[in-house]
**Q** 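Could you have a look at this structure, given as structure tokens, before my questions?
Computed from a predicted structure; not experimentally measured. Chain A is the first sequence line, chain B the second, and so forth, proteins listed ahead of strands; every chain is numbered from 1.
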There are 2 protein chains.
Amino acid sequence: MKTRFGIGLGLAAGVGFASMGAITICNSARADEGMWLFTKPPTKMLKEKYGFEPDKAWLEHVQKSAVRFNDGGSGSFVSSEGLVMTNHHVGSGDLEKHSTPEKNLLKTGFYAKTRDEEIKCDDLELNVLWEVQDVTDLVKGAVGKDMSTADANTARRKKMLGLEKECEDASKKSPDGPAAYDCQVVTLYKGGKYHQYKYKRFTDVRIVMAPEQDAAFFGGDTDNFEYPRFDLDMCFFHVYEDGKPYKPEHYLKWSPNGAEDNELTFVAGHPGGTERLNTVDHLKFMRDVEAPLNMRRLWRREVQLETFMARNKEWERIAGPDFFGVQNGRKARTGILAGLQDPKLMQTKMDAEKKLRAAVDANPDNKGQWGGAWDDIKKAFDNYKTFYARTRSIGISGDLFNIARDLVRLADELPKPSPERLREYADSNLDSLYLGMYSSKPIYDDLEIDRIASSLANMTELLGGDDPYVQKALGGLSPKARAEQLVKGTKLKDVETRKAIAKGGTQAIAESKDPMIMLAKDLDSESRALRKRFEDEIEGAQRDAYSKIAAAKFAVEGEDAYPDATFTLRLAFGPIKGYKENGKDVPPFSNFEGMYSRANERKGQKGFDLPQRVWDRKDKLDLKTPLNFVSTADIIGGNSGSPVVNKKGEVVGLIFDGNIQSLILDLAYTEEQARAVAVDSRGIIEAMKKIYDAGPLADEILKK
Amino acid sequence: MKTRFGIGLGLAAGVGFASMGAITICNSARADEGMWLFTKPPTKMLKEKYGFEPDKAWLEHVQKSAVRFNDGGSGSFVSSEGLVMTNHHVGSGDLEKHSTPEKNLLKTGFYAKTRDEEIKCDDLELNVLWEVQDVTDLVKGAVGKDMSTADANTARRKKMLGLEKECEDASKKSPDGPAAYDCQVVTLYKGGKYHQYKYKRFTDVRIVMAPEQDAAFFGGDTDNFEYPRFDLDMCFFHVYEDGKPYKPEHYLKWSPNGAEDNELTFVAGHPGGTERLNTVDHLKFMRDVEAPLNMRRLWRREVQLETFMARNKEWERIAGPDFFGVQNGRKARTGILAGLQDPKLMQTKMDAEKKLRAAVDANPDNKGQWGGAWDDIKKAFDNYKTFYARTRSIGISGDLFNIARDLVRLADELPKPSPERLREYADSNLDSLYLGMYSSKPIYDDLEIDRIASSLANMTELLGGDDPYVQKALGGLSPKARAEQLVKGTKLKDVETRKAIAKGGTQAIAESKDPMIMLAKDLDSESRALRKRFEDEIEGAQRDAYSKIAAAKFAVEGEDAYPDATFTLRLAFGPIKGYKENGKDVPPFSNFEGMYSRANERKGQKGFDLPQRVWDRKDKLDLKTPLNFVSTADIIGGNSGSPVVNKKGEVVGLIFDGNIQSLILDLAYTEEQARAVAVDSRGIIEAMKKIYDAGPLADEILKK
């Protein structure tokens, strides 16, 4: 469920096997619907339905205990010593970076018995949401009266970057020092509102404990997005500040007895992105243009990576994280595309839109102000259709090319004033950028060649071999031969070389004979032009039009609505609850006994090979201990690693997945069968103590 | 290497891992190039290079010993008792059809100790090429002087069907009885020549022996198209005529000592299709339009089938043949696309075309007659581009829909005179059609649902959800729900129902409420319209233009050329010969010792799990016995199962694959690294006697 934003949104082909059944879209206040802003929680609904009203202190405590993993994922502080809990599949990239053929942490798991044994993650950044400010008027006010859509979008973007810079500068201890806070202006309701989010940044993060991947991801791709599940999908880090253990002001206590069936629970996490407010034309663009192209990319890469990994054990290890990301994305998007391709779901959306538009058109003022917004969206996507495939295919994959492109662009952008730059090179984003660019994480030639060859071939497939951009990218060689030439020729694997080129700026770039830098230079003008076209013609038009639609919705339906997910902190809620599937009851809890049964039942099949240690400790475990559970909370990719808490704000579980029926939550909420899937807090402690000999860690968590 | 023609031609994304190196296109007479017609063998070349000249008797003997498997694949008679040898992967469809969850022949292998134990394959037809007649003048003569391209194409097609009917009618014992021969007019040189091929038909074919799939396809997808290999990819059938064992006039004797390194060998088989005569614009269409779309289909289906098969053991069994076909096709087409995307290969083609066109243009007569042909091809493909995706996406997959469509079309077509019908419903093709339509092979609901849901989703992805054809196909349901409705509602699983509807003709179809029949009726007009458009505008234009290009080539380069492969009998040749890869020598022969080493080396990895029986018999085997070998013979998909014979016409091997460097043979021949891969005749006998306790079968083969 970790959302990889590098992949971008985009969906998939309708062959899930669990019966999706009839979709009942619940818009009534009865449903446990919503990914709510902490600044606008569903207090009324909670009080009416559950007799519980979270107060300000409760909300602040949970908010400041929640953590965002900057590369996609959620987590939370769970001890006074700065311990952060998340999923194994959120931490697996870091585990992989610190593995070698001889010491494969994904295979063996890891536990640092002392602080000295912990593994520092150089390029991992955690954020905690500290303050929120509504800056809607400021951002919208930056747009002049008769500005074109493109100019309006530029004006908004500059204003947003200016606000971010101001906020970050104010948090600096010295003018040249790093900002203590990361500030981001977030677009909500697709342009209806703008909020400034101020995050506390943590960049010294160290791995404490992780089980084996075979236990964390037990059931593999086969059971991914399924239920019942039996996964120990957990990973723990310690956070440091100024080299010393960080003592958080807010952290979540552990529930002594977990939670019960039907108990109300909350999820505080960072859902990546939903498309619930989309107009019908926007959904059709997703269904007919975006999703097919993105599914193609995922199928393609899944097959290619599987072939790559079959070559030998070492390649299997180094490509593992890419492969998991692709398979996971493919399965999630398959479910969403199944929803988009369902004529009934589309009809529901059409009916709702018709109703809203009729209400708008009934009032001449409203009609004049907002009535054209839906057609504007249609026009924007009719336009986007003509260059979407191009925007999606001109990139080149791989760490080395990314570094080269960042170096080339930094040289171009840094001389400009911050608000004039491409967003990711604005002052407010530089700290995070350098963290990634100067990371010493290993880069594997064979995998890089495979990634680059694949993206060069992809480009040729989509744009045609006669395209001048493709010819420039290939440089007269076949995709494979070109990839080899680039990877074997570049010096960018060396971090010091990167730093030297960055320091040398424009001149260093102009003089560089590094083939990867030269390629990035060659391709940059086209890539920038396409990006500008998207921002001016599509993003701008969407902001304008959705801002109108949001206003219309507030006017017609009231302001009691939550915005689409944007990988920012949200509160979801719902009781622990089983469901019916193919006429059978699916119980809410699973336990260790079930895990061993499933392992025996599927013996020898891919993904079901429990680690030896888990078999060895079977007799020590209380097999009836709950291991995973489901609730009706409204979550989506990006929520991976979110804590599940009870009314007291105590941890009862750890979100790691949604069932297959939950995949259409991207488009619409339903609580009939869609469920959030979590590791039970009791299962976590039982495994720590009895399988992983990590009693001291359990004690740290349980300490009052 | 079995070509599945249902899949159609179309290629893939350049990430093979074996180094393709520089491609040297050998057009000189020195290369072992060519898939030669038996009516025009390369006698001069053979004599000059190898001092061997096959005489008429040699050619007739080999030709009439060679067998074509009608569903794609090659074979040969190898005993006086009518024993036919082919590959396991050619016979695997038949093995699967006669398997059950309890008795899985793919898993266990099979050997009929007596004739009584053999398994009859109801819908398997074998053909032996008996006579060839050049009908070029007759077919071309059918075209009137000022006919449009479309009319000319129709006239040619009618003439071809008329010639076939005449030929078959002449072979009937009684006017209503079945034809003893299957007659087919074959288009050669893409329209340069037309030959009438008269095949002897065999429809009573019974499985005699097959090893376990794990031995036949040892190394799985990982080693497919690689070398060295260690595969027992063999399968044996007995042919019957009038219920009695068939005693063939011609069958291949077995070489007592196999063949040696550097020995000249021949391959007689049915290469499926090559694209060597294509113009550059035609190749670009393949590179930029056809291949990307077809690769997309293969990646998509590979991922979907892998997911399907992971659900349980039974689903793994029933989807196995589909999966093998898709994976095999994907790997082959990946290699071909890598060739198309190589700017150097394309440059070679451009240079050759430029030279030929200059020679044509140098003579005003020739220029007037042929000079416009290349631009005509370009125009045709520019046109085809606009509806190619539609033609490739409107079909619905699965056995049940195919049966329904055949029933619907039969009712429409049978009342017409044979030459007016769609080609597959012409009298000359009815016997084969009924054989498939009334086959009692098992149809699995779950797999059918998966296939249909997948093709409905595919259609929606490619044509868009608002397309009227898509909406008709979905009938208001999601792809998955619609597939379930169709499969659960149809009665076509019952063979008697099919026969009754066929008998009822137009009226039965009009009145049918069977959902599959109704769907086939709904979709047929669009599907026919697209086909007609293809035939009139693309196929017709190609025939015209390529006929001119062929004439130009004959005039400029001489008539000493072989036509592109067309799944008809061809003779290839070349010595057994190793090659160099990444600077290392790859030896020409592998042996049983190597098989056991590789199994140990890759223990536990997918595809490398040798059957227990093969392990158990290790001590009995002479481990130095050659198991597989490579030669420079010019082969391609469809050659699977072809016999490899020595100068005496004796069997020394059994073609089952090409190495990864051979995949570009689709486009151009190269003998630097491209190799045909065969099972050694000595390995076959050793395995029969010492692993499979099939001594009597070995004796039948070895009998003088």
Side-chain angles (χ1 to χ4, degrees), chain A residues 13-17 19-20 220-222 284 287-289 291-292 295-296 298-304 306-308 310-311 313 327 330-331 334 337-346 450 453-454 456-458 460-466 471 474 476-481 484 605-607, chain B residues 12-17 19-20 220-222 284 287-289 291-292 295-296 298-304 306-308 310-311 313 330-331 334 337-346 450 453-454 456-458 460-466 471 474 476-481 484 605-607:
Chain A
V15 194
F17 297 100
S19 163
M20 299 288 286
D221 179 61
T222 302
K284 286 183 176 176
R287 181 190 66 190
D288 297 339
V289 182
M295 284 309 297
R296 175 186 174 284
L298 291 166
W299 293 319
R300 183 179 187 279
R301 205 59 199 132
E302 182 165 346
V303 170
Q304 290 175 345
E306 189 138 22
T307 311
F308 181 86
R311 303 297 296 168
K313 286 275 172 201
Q327 243 188 357
R330 181 261 304 159
K331 205 161 180 181
T334 299
L337 183 56
L340 286 168
Q341 290 187 338
D342 187 340
K344 286 207 209 76
L345 177 87
M346 206 52 105
D450 185 67
S454 171
L456 288 169
N458 182 52
T460 315
E461 287 156 30
L462 289 175
L463 305 182
D466 289 347
Q471 294 192 338
L474 288 176
L477 297 173
S478 72
K480 177 82 189 308
E484 281 173 353
Q605 283 191 266
K606 207 169 144 190
Chain B
V15 195
F17 296 101
S19 161
M20 299 289 287
D221 180 60
T222 301
K284 286 184 176 176
R287 180 190 66 190
D288 298 338
V289 181
M295 283 308 297
R296 176 187 173 283
L298 291 166
W299 292 318
R300 183 179 187 278
R301 205 59 198 132
E302 182 164 343
V303 170
Q304 290 174 345
E306 189 138 18
T307 312
F308 181 86
R311 303 298 295 168
K313 285 277 173 201
R330 181 261 304 160
K331 206 161 179 181
T334 299
L337 183 55
L340 286 168
Q341 290 186 338
D342 187 339
K344 287 206 208 74
L345 177 90
M346 207 51 104
D450 186 66
S454 171
L456 288 168
N458 182 51
T460 314
E461 287 156 30
L462 288 175
L463 305 181
D466 288 346
Q471 294 192 337
L474 288 177
L477 297 173
S478 73
K480 177 83 189 304
E484 281 173 353
Q605 285 192 266
K606 207 169 142 189

**Q** Could you grab the distance from atom CD of Glu302(B) to atom CH2 of Trp299(A), nearest 0.5 Å is fine?
**A**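 Rounded to the nearest 0.5 Å, the CD-CH2 separation comes out at 13.0 Å.
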**Q** Only counting residues at least two apart or in another chain, list the ones meeting side-chain contact (heavy atoms from CB on, under 4.5 Å) with Gln605(A).
**A**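 side-chain contact (heavy atoms from CB on, under 4.5 Å) check on Gln605(A) returns Arg602(A), Phe608(A), Lys313(B), Glu316(B).
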**Q** Quick check on Glu306(A) against chain B: is it the side chain, the backbone, both or neither that has a heavy atom closer than 4.5 Å?
**A**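 Side chain only.
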**Q** Is it the side chain or the backbone of Leu474(B) that comes within 4.5 Å of chain A heavy atoms, both, or neither?
**A**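 The side chain, not the backbone.
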**Q** Given the options Gly465(A), Gly220(A), Ser478(A), which has more heavy-atom pairs under 4.5 Å with chain B than any of the others?
**A**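 Heavy-atom pair counts peak at Gly465(A).
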**Q** Counting heavy-atom pairs under 4.5 Å to chain B, which of Asp466(A), Asp221(A), Val289(A) comes out on top?
**A**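 Heavy-atom pairs under 4.5 Å are most numerous for Asp466(A).
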**Q** Considering only heavy atoms, which portion of Ala310(A) lies under 4.5 Å from any heavy atom of chain B: side chain, backbone, both, or neither?
**A**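 For Ala310(A), heavy atoms of backbone and side chain both lie under 4.5 Å from chain B.
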**Q** Can a donor-acceptor pair be found between the side chains of Arg301(B) and Asn458(B) at a distance below 3.5 Å?
**A**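 The answer is no; no qualifying pair exists.
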**Q** Just do the side chain to side chain donor-acceptor pair (under 3.5 Å) check on Ser454(A) and Arg300(A) with the steps written out, would you?
**A** CA-CA 9 Å; Ser454(A) 171; Arg300(A) 183 179 187 279; 2.8 Å; yes
**Q** Name all residues meeting the side-chain hydrogen bond (donor to acceptor under 3.5 Å, both in side chains) criterion together with Lys331(A); count only those two or more places apart in sequence or in a different chain, and write none if there are none.
**A**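 Listed in chain order: nothing, the list is empty.
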**Q** Go through Gln471(A), Lys284(A), Gln327(A) and name the one with the most non-hydrogen pairs under 4.5 angstrom from chain B.
**A**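 Of the options given, most contacts go to Lys284(A).
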